Structure formats: structure tokens, C-alpha cells
Protein chains: 2
Amino acid sequence: MTPDISQPKQVRKKNRKQEIIQISLELLQTQGYENFSYQDISSALGITKASIHYHFPKKEDLGLALCGAIKQWHEDLFLNLRDSDHSAKDKLRIFVEALLSYAEGPYKVCPLSSLQADVAKLPDTLLPALQDLDRHELDFVSQVLEEGRQNGEFHFPGDAQAQASIFVLSLKGALQYSRIHGGEWISPVLQQLDQLLQASST
Amino acid sequence: MTPDISQPKQVRKKNRKQEIIQISLELLQTQGYENFSYQDISSALGITKASIHYHFPKKEDLGLALCGAIKQWHEDLFLNLRDSDHSAKDKLRIFVEALLSYAEGPYKVCPLSSLQADVAKLPDTLLPALQDLDRHELDFVSQVLEEGRQNGEFHFPGDAQAQASIFVLSLKGALQYSRIHGGEWISPVLQQLDQLLQASST
DNA sequence: GTCTATACACCGATAGAC
DNA sequence: GTCTATCGGTGTATAGAC
């Protein structure tokens, strides 16, 4: 007796909030935080601006939700990889593939890069969230590099934290340049980063 | 007679255009292209928005003038260094110091990074100008790295163009991260880049 | 939850006086 | 060259009907 359709609407409505986050995340990566509007979201979803404001009264609320989604994305990736039995090389490769999946559709960059660019106009509560995400990402890469160096998979001089910075900054920069110059910017950079992790100081 | 004050106003007014470019370049680096307005410029200079429009009717005109100023900045630096008798190491050091001078005042990044971030909303004529500036910068660094490798100053594996990309992308990324996290992000990255230019593949 | 309608601020841009 | 005044467009955000 009517057991299946007990909550048909609630399940659907719950998704609407996620739909907004999903399309907003794409808009963040393609247009930037200040350059996408509630109108863009409403056009993409086929509902009005006012409806978006029902789910996220202020744009700051939406921004925080986006940071939460990115944090979830990070944790799903980092926590799984940290305690896995993958080699350090594989851990790094999986991270790189995940980061570069941003570039699947054209003209997308890392969402953290987009937030960084608009930091001067960013709501106050978003800055600490952004700092937190940046740091966790770099800590993860730094740990993987150090682990790989200790077990002989990687060979690089100096501080692992600094090497991780160069690695992450180059990758995200390559995404940005790829959006400007179109051509295949990422492969050469990736190959060079790979070689640098097999180098030793003279 | 009356030879001295023949054109007292023209000389001064010529500077007003340069003043606008100068303050706009700073605003570009601190706020981003889409995030600074004619109102910001007029407030900083103490004249009205309409006066700014007299010198640069459309914002696109101002944007092109900014690209021209950056190009001039590049040529003054690159052409002088190219045909100088500096070592490749010194050429690279001078370039780095010039690029990092952007970070003198707080919260400034490379102006090309700012333009890249807003590429989705950039006027059509600015994209080729931006591409041109990016390419010339990378070509210069690439040539210096290759020159240094051939005369034994640098030791790095792989393609000089790819190594130059990593070098420039890391530096500009460090400027961006420095604006977010405040602390001294640049020194460790710079030191690590230096070590990577002394490494050899195993 | 979604809608219509609206308020208010800011933006780029123009007209015309001085 | 600079000003006052204003236009049209867009942005975030809110009120209230359904």
C-alpha cells in the first residue's frame, strides 16, 4: 500500500540545492566568483533568481557552500589516498588526474584559483575557508612527496613543502594558461614536473 | 621672447593620461580587471568619472593602454637584458627581482595573472594582447634558461620551454598565494626553483 | 519552493555646459 | 579637460502572492 512514493517531493527538492551548488561550481571555475550572478544560475536551471535566494539568501552563503563542496571533494580524495596502499607515485598521479579533470570541459580552472583572484572583494567569512582549503591541499601533496622521497620513489633536493608548492602552483598555472592559449600547455609541464621529481642536486 | 612657457599645460595634461594608466595598473593588480571601476580611478585622482572617459572612452581602450604599458615594461627589461653581458644567472635574477617588485606594496600580483582570471568577460581585442605578452615573457625566460644550460650555469633535464613554464608559473602562483596567506611564501619557492636549476636527471 | 514585482546600489557610457 | 547630470543595464537582495 502506497509504500514507494512516501516522500517523492522531499527527495527531489533536496537535489535542487545540490543542483545549484553544482552549476555554481562550474560557473565559479569558468567565470570567477564575482563574475557569475544569480541570473546565470537561474538561467541554467530554469528557475528565477528569487528561488535561488530561497536556498542561499546571500551570495556569501552560496560561496560558503561551494567551499564546503570543495572541502568534501578534497576529503574524499585525500583521506582515501592517505591510508591506501598505493605507491607515492600513484597517489600523486591520482591527485594530478583529479585536479586536471577540472580541464575536461573547456575553460575551467581550479575553483580555488578563481576564489584567490577575487580575494579583494571576497566576503570576510570566505577568506578563512579558502586559506583552509589551500593549506590542506598543499599539506597532502607535501606528505606524498616526502613519503616518496623516503622510500626512494622520488629524488628531489630541498624542502618537500617548497617542492609541493612548485608542483601545485605549476599545475594550477598550467590550467590558467591553457584557458588563455588553448594549445596543450599541460602535458609539457606535467612531463617536466615528473622529471624534476627524478632529479638530484649536483 | 616668452619662450619658456610655450606649452605649460600640454606637458602637464600629457601626464594625466599616464597618471590614469599608473593608478589603473595598480588597481588591476590589487582588484582585478572586472573588479575595478572608473569610480575607483576618479576617487584616487580626484577627478570625475566623465574626465576618465575623456581620456579612455571605453574601458576596453584603457585595457589596451594597460597592455601597452606592460609591453613597454617587458621590452625595457627583456631587450636590455638580452644583449647585455650579464651571466644567464644574473639575467634570471634581475627578471625575478623585477617580477617580485610587484609584491612590494601589499596585495599585488602580476597584472597578466589578473587579466587571465577575467578572460571570460574580457573584451575581444584584449585577448590577443594578453596572449602576446604571455608568450614574450615565457620566450625570454626560456632563452635565458637554455643559454645558461649551454654554458654550464644551469643543469636541468628536459625542455627549456617547459622548465621556463614551471619557473614563471610558480613565481606568479607564489604571488597569488602570498596575497591569500600573507606569510613569506615567496622565499621558499624561490630557493627551491634555484635548486632545481642546479639538478640533473638520474 | 517558486513565482512576480520591486528596491537600491553600482557600473559603463554619453550629452552638454564651462 | 573637467565638470554636472543623466541614461540604460545589471548586480544583490527583499516582500509578498501562490
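As the structure is a computational prediction, the values presented were derived from the model and not from experiment. A, B, ... follow the sequence lines: proteins, then strands. Residue 1 opens every chain.
With rounding to whole Å, Q31(B) atom CD is found 15 Å from dC10(C) atom C1'. Spacing between atom CD1 of I52(B) and atom P of dG12(C) amounts to 11 Å, rounded to whole angstrom units. Across the protein-nucleic acid pair, D118(A) atom CG and dG11(D) atom P stand 14 Å apart, rounded to whole Å. Here dG11(D) presents its P atom at 15 Å from CG of L62(A), a figure rounded to the nearest Å. dT4(C) atom C1' lies 15 Å from atom CD1 of I47(A), rounded to whole Å. The CZ-C1' distance, from R16(A) to dG1(C), rounds to 9 Å in whole Å. Rounding to whole angstrom units, OH of residue Y38(A) and P of dA5(C) are separated by 22 Å. The CG atom of L122(B) sits 14 Å away from the P atom of dG12(C) (whole-angstrom rounding).
A 4.5 Å side-chain heavy-atom check between L193(A) and S170(A) finds at least one atom pair inside the cut-off.
Closest approach to the K49(A) side chain among dA13(D), dG12(C), dT2(C) is made by dA13(D) (side chain taken as heavy atoms from C-beta onward).
Between E147(B) and R82(B) there is no salt bridge, since no side-chain nitrogen of the basic residue lies less than 4.0 Å from a carboxylate oxygen of the acidic one. Between R149(A) and E153(A) no salt bridge is recorded (no basic side-chain N to carboxylate O distance below 4.0 Å).
H55(B) has a side-chain polar atom (N or O) that falls below the 4.0 Å cut-off from OP1 or OP2 of dT2(D). A close approach under 4.0 Å does not occur between any side-chain nitrogen or oxygen of T48(B) and OP1 or OP2 of dT2(D). Within the structure, a side-chain polar atom (N or O) of S51(A) is placed less than 4.0 Å from OP1 or OP2 of dC3(C). Phosphate proximity of dT2(C) to Y54(A): absent, as no side-chain N or O sits under 4.0 Å from OP1 or OP2. Between K58(B) and dT14(C) there is a side-chain N or O to OP1 or OP2 distance below 4.0 Å.
Along DNA chain D, the nucleotide nearest K121(B) and the nucleotide nearest A50(B) are compared for position; the residue whose nucleotide lies closer to the 5' end is A50(B).
Nucleic acid contact for S37(A): sugar-phosphate only, since backbone atoms but no base atoms lie under 4.0 Å from a heavy atom of the residue. At the heavy-atom level, F56(A) lies nowhere under 4.0 Å from the strands shown.
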Inset, instruction - Could you walk me through whether W73(A) and F78(A) pass ring pair (Phe, Tyr, Trp, His ring centres under 6.0 Å), step by step? - result: CA-CA 9 Å; W73(A) 190 90; F78(A) 297 161; 7.4 Å; no
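Counting heavy-atom neighbours within 6.0 Å of Y102(B) OH, excluding the residue itself, gives a total above 12.
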